[in-house]
Amino acid sequence: MLDVKLSQAEKLINLTSKANDNLTISKTKLLTITSGKGGVGKSTFTANFAYILSQKGLKVLVLDADIGLANMQVLFDVKPVVTLFDYINGHKKLKEVIVETKYQNLSLIAGKSGYQYGSNSNSFIFSRLVEDILELNYYDILIVDTGAGLNDYVKEFLKVSTNILAITSTDPSALTDVYSLIKMLAIDKKSLMLCFNHTKNDLIGETISNSLVNLAKKNRLKSEFVIKYIGSVPSSENITRAARARKIFVNEFRQEEAAHKLQNIVDSVLKNI
Ligand SMILES: Nc1ncnc2c1ncn2[C@@H]1O[C@H](COP(=O)(O)OP(=O)(O)OP(=O)(O)O)[C@@H](O)[C@H]1O
Ligand SMILES: [Mg+2]
């Protein structure tokens with residue numbers, strides 16, 4: 001019992017000190033995908049985005065960091081018996097919680113639905129998890145799907161990320177939330193990539209993106225902070241259809257406009273990270 005307690009204490013000390021270090025220099029690029037509002041299509045976007053990257057021959061690891069509503073395993077059609085919490089709790093090594101998907105070059109660290117934390121002060125553990133993945137120096141890109149909102153866990157991921165992509169719909173409430181995200185990031189980040197989902201055409205996305213930039217200027221947010229419009233994805237019934245069948249939309253419906261848009265978005269992001 002004492003041994004267990006000691007090792008947990010040691011682990012905590014180790015975690016705390018490492019979390020304060022600078023992030024490791026690694027070949028693995030970190031991209032955090034977030035939104036303000038929930039349900040805007042973040043996880044669906046992340047799954048398709050990750051798949052496109054993997055098809056380009058990049059080694060991709062997706063971390064499902066949606067605390068409470070993890071669903072990346074459903075989108076990738078895997079049934080993991082281990083989740084990131086087995087690593088966080090010290091039951092498994094990092095490599096043991098990385099599961100292969102049926103898609104080449106595409107791996108997943110699954111989240112756990114309904115996971116409850118005792119205390120939000122544990123959120124720093126996530127920056128340590130990211131650090132450990134970067135230290136593996138194996139993947140070309142680590143994509144983190146954060147949960148919705150701006151809770152402590154999401155903030156922790158944002159803190160360690162230089163490449164942040166926000167996805168939003170054009171609903172007023174989603175735009176209000178994304179603006180709150182912009183306000184927060186402008187304090188100590190350099191830029192944000194912005195992508196619209198359920199958007200009829202690029203012009204709408206670009207126009208709204210410019211409006212957000214103007215609003216930021218008007219409210220005197222830090223002038224060096226850059227909001228980069230990355231692209232728009234239209235609504236498509238086949239996106240939902242593919243997800244229900246546990247298939248990847250861009251793989252099943254390659255010729256659809258939304259699939260082309262997603263491909264273009266990946267190319268734009270690759271130029272920016
Ligand atoms: N462009 C689209 N066209 C049609 N349906 C879409 C599109 N994008 C996402 N969806 C559907 O919208 C629903 C919500 O998507 P998803 O779960 O990816 O959102 P989310 O932002 O990750 O939600 P949460 O905040 O709960 O994590 C799903 O049923 C998905 O299939
Ligand atoms: Mg989600």
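Ligands are counted one by one from 1 in listed order, and the atoms in each one are counted from 1 as well. Keep in mind that this is a model prediction, so the values were computed, not measured.
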Between Asp202 and Lys261, is a side chain to side chain contact (heavy atoms under 4.5 Å, CB included) present by the stated rule, with each step listed? CA-CA 9 Å; Asp202 270 311; Lys261 295 281 184 192; 2.8 Å; yes
Does any part of the side chain of [Y], heavy atoms only, come nearer than 4.5 Å to the side chain of [X], both counted from C-beta?
| X | Y | value |
| --- | --- | --- |
| Ile143 | Ile141 | yes |
| Asn48 | Val266 | no |
| Thr168 | Lys37 | no |

Is Asn71 close enough that one of its N/O/S atoms sits under 2.8 Å from the Mg ion (ligand 2)?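 For Asn71, the answer is no, given that no N, O or S atom comes within less than 2.8 Å of the Mg ion (ligand 2).
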Within the 4.0 Å heavy-atom sphere of ligand 1, strictly under, residues: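 Only Gly38, Gly39, Val40, Gly41, Lys42, Ser43, Thr44, Asp66, Leu69, Asn71, Ala148, Asn197, His198, Pro234, Ser235, Ser236, Ile239, Thr240 have heavy atoms that fall under 4.0 Å of ligand 1, ordered by chain and number.
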Ring of Phe76, cation from Lys102 - is the NZ or CZ under 6.0 Å from the centre and inside 45° of the axis?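 Ring-cation test returns no.
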Side chains of Tyr103 and Asp77 only: does a donor on one sit below 3.5 Å from an acceptor on the other?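 No, no side-chain donor-acceptor contact under 3.5 Å.
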